[in-house]
Amino acid sequence: MTEPGRVVLVTGGSRGIGLGIARAFAALGDRVAVTYKSKPPEDANLVALKADVTSDDEVDAAFAAVEERWGPVEVLVANAGITRDGLLLRMGESDFGDVVDTNLTGAYRCAKRAAGPMVRARTGRMIFVSSVAGLAGSAGQANYAASKAGLVGLARSIARELARRNITANVVAPGPVETDMTDALPEARRNELAASVPLGRFATIDEVAAAVTFLASSQAASITGAVLPVDGGLGMGH
Ligand code: NAP
């Protein structure tokens, strides 16, 4: 009899990069749940759970649902994220706070909820989806870049705290990726962004997913506290 796959939870897995990551784990034979805020994904291979990462209760309920079905989450991918772009002088406090609450505090809520069972199991993988913007900064995205930079400190602190329990925490930092988030940009801005990437193009969702599944694999067992860029060279030196 074959072993059942790992229990994987991907936040914000209803579309875009999160859906691609979830499908990549499912293709490896893992048991994959995704959280979403508004609309579930149409994919029979994934268990979809409505859970807003800004709500402690909803995060707890999503983990409880996974535990009841398959047991504790073994791989957490904190991917849910939003943007509310604007120049600093015009950025309202709610635009700043909402982005940090979703992208950074949301990841903290999920990591904290995942950590207890992982500590008891003495194994676990956490992967945080950050951005090149968090390392290099990004004009018009002070809120987003701050939240994404925060994920590096969060992951590295978790990596140090939980290393002796065989739990790793790593960050994937994509540059521009072909998704709804970047499709929404004006064409001129998209061309400008692609031209700024040394490889001259956006990354694909599959390329980001491959980095995430690698960090969750047994081959990556000695990698913790790392930031793995998937950015065509855009963030080199940061
Ligand atoms: P996307 O297409 O906009 O999808 C975002 C996902 O997050 C959706 O599943 C959305 O759920 C979910 N989400 C948003 N707010 C949530 C909340 N409060 N609670 C739970 N789920 C929530 O984004 P994407 O482009 O795939 O980006 C995914 C991640 O990669 C983000 O963290 C983003 O910052 C990062 N990233 C993206 C790029 C890029 O070029 N696209 C580059 C670097 C980093 P609903 O569909 O239900 O709203």
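Atoms within a ligand are numbered from 1 in the order they appear, just like the ligands themselves. Quick caveat, the model's predicted, so the values are computed rather than measured. Numbering of residues begins at 1 and proceeds along the displayed sequence.
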*asked:* If the contact criterion is a heavy-atom separation under 4.0 Å, does Pro41 count as touching ligand 1?
replied: no
*Best match, Gly12, Gly16, Ser55: closest heavy atom to atom 12 (C) of ligand 1*: Gly12
*Any idea which of Gly20, Ala78, Ala51, Gly81 brings a heavy atom closest to atom 5 (C) of ligand 1?*
Gly81
_Taking only non-hydrogen atoms of Thr11, do any sit less than 4.0 angstrom from ligand 1?_
no
*What is the distance from atom OG of Ser147 to atom CG of Leu104, rounded to the nearest 0.5 Å?*
6.5 Å
*With sequence neighbours excluded, residues passing salt bridge (Lys or Arg N to Asp or Glu O under 4.0 Å) with Asp30*: Arg6
*Report the part of Ala173 (side chain from C-beta onward, or backbone N, CA, C, O) that has a heavy atom under 4.0 Å from ligand 1; answer both or neither where that applies.*
neither
_If we set the cut-off at 4.0 Å for heavy atoms, which region of Ala133 has an atom near ligand 1: side chain, backbone, both, or neither?_
neither
*asked:* Hydrogens and angles aside, do Asp52 and Thr54 bring a side-chain donor and acceptor to less than 3.5 Å of each other?
replied: yes
*Counting only heavy atoms, which portion of Thr179 has something under 4.0 Å from ligand 1: side chain, backbone, both, or neither?*
side chain
*For Thr35, is the nearest heavy atom under 4.0 Å from an atom of ligand 1?*
no
*asked:* Please compare Pro176, Gly18, Ala80 and report which has the shortest non-hydrogen distance to atom 22 (C) of ligand 1.
replied: Ala80
*Is Ala203 near ligand 1, meaning one of its heavy atoms is under 4.0 Å from it?*
no
*How about Met126 and Leu162: do any of their side-chain heavy atoms sit closer than 4.5 Å?*
yes
*asked:* With a heavy-atom distance limit of 4.0 Å, tell me whether Thr182 approaches ligand 1 through its side chain, its backbone, both, or neither.
replied: side chain
_Any Lys148 heavy atom less than 4.0 Å from ligand 1_ = yes
*Closest by any non-hydrogen atom to atom 48 (O) of ligand 1: pick that one out of Gly13, Ser131, Ser38.*
Ser38
_Close approach of Phe202 to ligand 1, heavy atoms, under 4.0 angstrom_ = no
*Where does Ile17 meet ligand 1, judged by heavy-atom distances below 4.0 Å: at the side chain, the backbone, both, or neither?*
both
_Test salt bridge (Lys or Arg N to Asp or Glu O under 4.0 Å) applied to Arg189 - qualifying residues, sequence neighbours left out_ = Glu192
